[in-house]
Amino acid sequence: NNTVDEAEKGLERIEAEVEKRLGEHIVARDSDSLEASVGRLLKDRGLKIAMAESCTGGLISHRLTEISGSSAYFECGIVVYSNKSKTELLKVPRELMETHGAVSHETAARMAEGVRSVSRSDLGLATTGIAGPTGGTPEKPVGTVYIALADSEEVRVESFQFSGTRTQIKIVTAQAALDLVRRYLQE
């Protein structure tokens with residue numbers, strides 16, 4: 001019994017040191033997932049979120065709705081793969097995409113604002129990118145991704161250059177998007 005108590009105390013010390021060193025980079029505890037942590041933060045703050053997914057094809061919506069009780073914070077998810085759907089459903093100006101591209105800081109920001117507006121949610125999260133293996137250019141190679149998060153006052157956009165297979169790029173984009181929401185909610 002002393003050995004168990006000693007081991008638990010040792011584990012507590014190690015856990016405290018890991019938390020001290022990693023701080024805000026800890027995304028979940030125990031058996032929690034990132035989507036469960038994000039869901040709990042949204043629920044605790046009484047906020048609703050909506051998704052506008054292009055390159056992730058609904059993966060973020062899927063992950064959030066895998067959590068029981070997610071209807072308390074998940075409003076909707078829209079997969080807007082074509083430029084036409086981005087314009088018609090989210091009101092992203094066609095001219096903006098012609099000028100900057102569907103995969104751009106500007107388009108991601110407008111997608112996040114658009115989904116927040118049409119869903120009347122507190123937050124709008126958007127992803128746009130080139131998952132590959134085709135579609136890349138020298139200026140925007142495969143793995144170029146923009147993630148945007150809009151609230152009533154501002155839009156945050158982060159850009160990434162991921163590598164890997166199409167599936168890997170989609171998975172890491174979903175992870176980065178959920179982490180953007182987590183960091184926003186922890187501020």
Side-chain angles (χ1 to χ4, degrees), residues 22 24-28 32-39 49-67 70 74-119 121 123-150 155-185:
L22 296 180
E24 69 178 39
H25 302 290
I26 297 172
V27 299
D32 251 359
S33 62
L34 178 55
E35 50 268 29
S37 294
V38 168
I49 193 166
M51 308 290 131
E53 298 186 63
S54 187
C55 65
T56 47
L59 182 58
I60 302 166
S61 297
H62 169 74
R63 287 180 60 178
L64 283 172
T65 59
E66 279 290 284
I67 306 302
S70 56
F74 184 83
E75 186 64 37
C76 70
I78 303 171
V79 177
V80 284
Y81 219 64
S82 70
N83 288 356
K84 179 183 173 192
S85 66
K86 289 175 181 76
T87 298
E88 291 182 1
L89 298 174
L90 302 178
K91 308 303 180 218
V92 177
R94 190 181 76 246
E95 302 77 29
L96 182 134
M97 287 187 285
E98 288 170 358
T99 302
H100 299 284
V103 177
S104 66
H105 180 283
E106 294 80 5
T107 297
R110 284 299 193 76
M111 288 170 62
E113 290 172 320
V115 76
R116 192 182 86 73
S117 176
V118 299
S119 67
S121 294
L123 301 173
L125 181 66
T127 61
T128 184
I130 305 166
T134 61
T137 66
E139 299 79 32
K140 293 180 184 176
V142 169
T144 301
V145 170
Y146 293 88
I147 302 169
L149 181 65
V155 183
R156 298 175 183 196
V157 181
E158 294 185 354
S159 63
F160 300 90
Q161 185 58 58
F162 296 128
S163 61
T165 65
R166 181 178 184 82
T167 299
Q168 289 167 334
I169 290 169
K170 289 172 71 171
I171 290 169
V172 74
T173 300
Q175 194 75 1
L178 288 168
D179 191 53
L180 172 59
V181 176
R182 178 193 67 82
R183 287 182 283 119
Y184 168 87
L185 293 169

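One is the number of the first residue; the rest follow in order along the sequence.
Not a single side-chain hydrogen bond (donor to acceptor under 3.5 Å, both in side chains) links Glu66 to another residue, sequence neighbours left out. With sequence neighbours excluded, the residues satisfying side-chain hydrogen bond (donor to acceptor under 3.5 Å, both in side chains) with Thr127 are Thr56. Under the side-chain hydrogen bond (donor to acceptor under 3.5 Å, both in side chains) criterion, Glu98 pairs with Arg94, not counting sequence neighbours. For Tyr81, there are no ring-ring contact (aromatic ring centres under 6.0 Å, His included) partners two or more places apart in sequence or in a different chain. Looking at residues two or more places apart in sequence or on another chain, you find no salt bridge (Lys or Arg N to Asp or Glu O under 4.0 Å) involving Glu88.
Here the SG-CD1 distance, from Cys55 to Ile60, works out to 7.5 Å after rounding to the nearest 0.5 Å. Distance CD/Glu75 to CZ/Arg116: 12.5 Å, rounded to 0.5 Å. The CZ atom of Arg156 lies 12.0 Å from the CG atom of Leu125; values are rounded to the nearest 0.5 Å. Remark: Ile49 CD1 to Tyr184 OH distance equals 9.5 Å, nearest 0.5 Å. In this structure, the separation between OG1 on Thr144 and CZ on Phe162 is 10.5 Å, given to the nearest 0.5 Å. For the atom pair Met97 CE and Lys84 NZ, the distance stands at 12.0 Å (nearest 0.5 Å).
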- Query: Hey, mind stepping through Ser54 and Val103 against side-chain contact (heavy atoms from CB on, under 4.5 Å) and telling me if it holds?
  - Reply: CA-CA 9 Å; Ser54 187; Val103 177; over 6 Å; no
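At distances below 3.5 Å, at least one donor-acceptor pair connects side-chain atoms of Lys86 with backbone N or O atoms of Val80. Remark: side-chain polar atoms of Gln175 are not paired, donor with acceptor, to backbone N or O of Lys170 under 3.5 angstrom. No donor-acceptor pair under 3.5 Å is formed between the side chain of Ser117 and the backbone N or O of Glu113. A donor-acceptor pair under 3.5 Å is formed between the side chain of Glu53 and the backbone N or O of Leu59. At least one donor-acceptor pair closer than 3.5 Å links the side chain of Thr173 to the backbone N or O of Ile169. Judged by distance alone, the side chain of Ser163 and the main-chain N or O of Gly143 form no donor-acceptor pair under 3.5 Å. Checking side-chain atoms of Arg166 against main-chain N and O of Gly132 turns up a donor-acceptor pair under 3.5 Å. The closest donor-acceptor contact from the side chain of Ser82 to the backbone of Ser85 lies under 3.5 Å.
Contact annotation: the side chain of Glu158 approaches that of Arg183 to within less than 4.5 Å [non-hydrogen atoms, C-beta and beyond]. Using a 4.5 Å heavy-atom threshold, the side chains of Tyr146 and Glu106 count as separate. Counting heavy atoms from C-beta outward, Ser61 and Val79 have side chains that stay 4.5 Å or more apart.
Scanning both residues, Cys76 and Ser119, for their nearest heavy atoms gives SG-CB, 3.7 Å. The shortest heavy-atom contact between Leu64 and Ser70 is O-CB, 3.3 Å. Nearest heavy atoms, Thr107 versus Gly101: OG1-O, 2.8 Å. Closest of all the heavy-atom pairs between Gly136 and Ile130 is N-CG2, 3.8 Å. Looking at every heavy atom in both residues, Val155 comes nearest to Ala150 through CG2-CB, 3.8 Å. When every heavy atom of Ala50 is checked against every heavy atom of Ser121, the shortest pair comes out as CB-OG, 3.5 Å.
Partner of Arg182 under the side-chain contact (heavy atoms from CB on, under 4.5 Å) criterion, out of Asp179, Leu178, Leu180: Asp179 alone. For the pairing with Val181, the side-chain contact (heavy atoms from CB on, under 4.5 Å) check across Ile147, Leu149, Leu34 returns one residue only, Leu149.
Screening residues 88-117 for ring-ring contact (aromatic ring centres under 6.0 Å, His included) gives no qualifying pairs among residues at least two apart or on separate chains.
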